[in-house]
Amino acid sequence: MPPLDMEQNDLLDPKRNGIFRHASVRYFMAWRNGVAVGRISAVVDGKALEAWDEKIGWFGAFDALPEKSIVNALLDAAELWLSDQGMARMRGPVTLGYHGESGLMIEGQTEAPMIGTPWHPPELQSLIEAHGFETGRDLLTFKLDLTDDLDDKHIVPGALKPGQGKLGDVTVSHLSKKQITAQGEVLRSLYNDAWAGTYNFVPLQSYEMTGLIEQLKLVLRPEHYVQIDHAGEPAAMALMVPNIFDIVRDIDGAPSPLNWAKLGVRLLSHRFESARVILLGVSHKVRGTLLGALMPSLAIDELIRRRATLPYKSVELGWILDTNTPMLNLVKRLVPEPNKIHRIYEKEIDQTTP
């Protein structure tokens with residue numbers, strides 16, 4: 001199912017994606033007999049280099065016919081350019097940065113498409129590994145069916161409720177769409193604080209958050225955002241977005257005027273069946289405490305409670321690093337196995353490449 005052209009333009013156009021303010025990006029296309037058969041991007045992200053203090057460049061936007069000659073040519077082109085920029089390692093696929101589409105799809109090719117989630121044919125895995133890439137981390141996604149029996153799974157102990165008893169100084173924010181826009185900086189700061197120092201993380205910049213909210217404002221509802229405060233200070237958050245693929249199944253990537261009208265009606269009536277949690281994190285101020293351990297449960301539980309006012313039949317929780325044991329233990333109480341796995345690869349750059 002093709003993504004909308006306007007969505008791809010927002011992602012790849014230097015005038016529309018904030019990452020170009022701090023990163024150098026090059027695109028490469030593979031052609032055969034005048035027909036495009038593959039693409040790849042190479043990225044040197046200045047903010048990533050600052051965060052990691054390592055000379056690691058990204059490759060991404062990786063789509064190709066699963067043929068060895070095509071895949072090798074694309075990876076070689078990206079590697080050569082990254083080498084010319086002084087990079088010592090390459091990591092990916094990531095499009096175009098940490099906050100975009102991440103990983104090569106290893107499992108889940110037959111699952112329904114989801115916003116912000118790349119799809120790759122299964123044959124690409126062996127081809128990229130044969131090119132010398134090794135596994136960095138796996139990113140796991142879990143599909144949570146919003147059924148009536150969720151309330152019986154007790155993700156949060158029944159005696160613990162925000163604003164009561166031991167959680168008397170814990171409150172859950174219910175924000176309007178206007179407030180969500182205004183709270184963008186709070187959300188960004190909390191998100192950066194929550195994930196600082198984790199694998200592949202790059203701090204989200206203020207202009208990137210502004211761009212994200214601008215892109216999502218047509219579909220965002222107050223129910224999509226959860227902010228949990230402790231003693232009046234933001235301590236945890238979660239942001240969920242509806243799955244655009246639900247309403248474009250019969251619409252081409254470049255819609256006709258009639259299809260634009262259909263899309264507008266579906267957006268206004270919010271005809272979505274699924275959604276994805278794209279941001280979830282806990283402040284370092286409570287991390288490592290019993291309250292901090294409870295915060296993700298409270299956030300997910302609040303999203304589950306809001307299913308009565310949203311039309312979704314399922315929600316995907318991802319990306320979850322394969323090393324994030326606390327989060328995996330929490331999610332697996334609801335969903336035992338992931339429905340999608342995406343893999344981040346790494347490789348030393350061959351400094352002898354001509």
*Report the C-alpha separation of R91 and N200 in whole Å, then their side-chain angles, then the decisive distance to 0.1 Å, and conclude whether the side-chain hydrogen bond (donor to acceptor under 3.5 Å, both in side chains) test is met.*
CA-CA 9 Å; R91 176 183 292 172; N200 207 38; 2.9 Å; yes
*N/O donor-acceptor pair under 3.5 Å between Q85 side chain and L82 backbone*: no
_Between H99 and Y191: side-chain donor-acceptor atoms closer than 3.5 Å_ = yes
*Is the shortest distance from a Lys or Arg side-chain nitrogen in D322 or R343 to a carboxylate oxygen in the other one below 4.0 Å?*
no
*Are the charged groups of R276 and E316 less than 4.0 angstrom apart, N to O?*
no
*Which pair of non-hydrogen atoms, one from A275 and one from M240, has the smallest distance, and what is that distance?*
CB-CG, 3.7 Å
*asked:* For a 4.5 angstrom cut-off between non-hydrogen side-chain atoms, does V170 reach L294?
replied: no
*asked:* Quiz question: by atom type and distance under 3.5 Å, do the side chains of S314 and D145 form a donor-acceptor pair?
replied: no
*asked:* Using ring centroids (six-membered ring only for Trp), state whether F133 and F59 fall under 6.0 Å.
replied: yes
*Checking ring pair (Phe, Tyr, Trp, His ring centres under 6.0 Å) for the pair F62/F28: CA distance, chi angles, key distance, verdict?*
CA-CA 10 Å; F62 185 54; F28 300 93; over 10 Å; no
*Is a donor on one side and an acceptor on the other found under 3.5 Å between the side chain of H342 and the backbone of L140?*
no
*Aromatic rings Y207 and H22: how do their planes relate, parallel, tilted or perpendicular, breaks at 30° and 60°?*
tilted
*Near-ring test W58/W52, centroid separation under 6.0 angstrom*: yes
_Below 30° counts as parallel, above 60° as perpendicular, anything between as tilted: where do the rings of Y27 and F20 land?_
perpendicular
*asked:* Walk me through whether L80 and D76 qualify under side-chain contact (heavy atoms from CB on, under 4.5 Å).
replied: CA-CA 6 Å; L80 179 59; D76 285 343; over 6 Å; no
*Within the distance-only criterion (no hydrogens, no angle test), does the side chain of R266 pair as donor or acceptor with the backbone N or O of I247 below 3.5 angstrom?*
yes
*With distance as the sole test, does Q205 use its side chain to make a donor-acceptor pair with the main-chain N or O of P203 at under 3.5 Å?*
yes
*Are any side-chain N or O atoms of D45 and backbone N or O atoms of A23, one a donor and one an acceptor, separated by less than 3.5 Å?*
no
_Greater than 12 external heavy atoms within 6.0 Å of K285's NZ_ = no
*asked:* Hydrophobic cluster membership, with links at side-chain heavy-atom distances under 4.5 Å among I/L/V/M/F/W/Y: are L104 and I341 in one?
replied: yes
_For E67, is there an ion pair with R32 - N to carboxylate O distance below 4.0 angstrom?_
yes
_Are I228 and M295 packed together at the side-chain level, in the sense that at least one heavy-atom pair is separated by less than 4.5 angstrom?_
yes
_Under 3.5 Å: donor-acceptor pair, side chain of H284, backbone of W195_ = no
*Do K340 and E111 pass the salt bridge (charged side-chain N to carboxylate O under 4.0 Å, His left out) test, and can you show the C-alpha distance, the side-chain angles, and the key distance before you say yes or no?*
CA-CA 8 Å; K340 296 174 184 174; E111 292 285 323; 5.9 Å; no
_With no hydrogens and no angle check, just 3.5 Å: does a side-chain donor-acceptor pair link H230 and D169?_
yes
*For D53, look at atom CG and say whether over 12 heavy atoms of other residues, nucleotides or ligands are found less than 6.0 Å away.*
no
*Quick one: CG on L212 to CG on N17, what's the gap to the nearest 0.5 Å?*
10.5 Å
*How long is the gap from CG on D229 to CE on M237, to the nearest 0.5 Å?*
12.5 Å
*Return yes if some donor-acceptor pair links the side-chain N/O of T95 with the main-chain N/O of A61 below 3.5 Å, else return no.*
yes
*Is the shortest distance from a Lys or Arg side-chain nitrogen in R89 or E79 to a carboxylate oxygen in the other one below 4.0 Å?*
no
_In this structure, would I115 and W119 fall into the same cluster of hydrophobic residues linked by side-chain contacts under 4.5 Å?_
no
*asked:* Tell me whether Q109 contacts the main-chain N or O of H120 through its side chain, where contact means a donor paired with an acceptor under 3.5 Å.
replied: yes
*Would you confirm whether N243, through its side chain, and S274, through its main-chain N or O, come within 3.5 Å as a donor-acceptor pair?*
no
*What orientation do F272 and H270 show, parallel under 30°, tilted 30 to 60°, or perpendicular over 60°?*
perpendicular
_Please check this pair: side chain of T198 against backbone of F201, looking for a donor-acceptor N/O pair closer than 3.5 Å._
no
*Do M105 and M114 belong together in a cluster built from hydrophobic side chains that touch within less than 4.5 Å?*
no
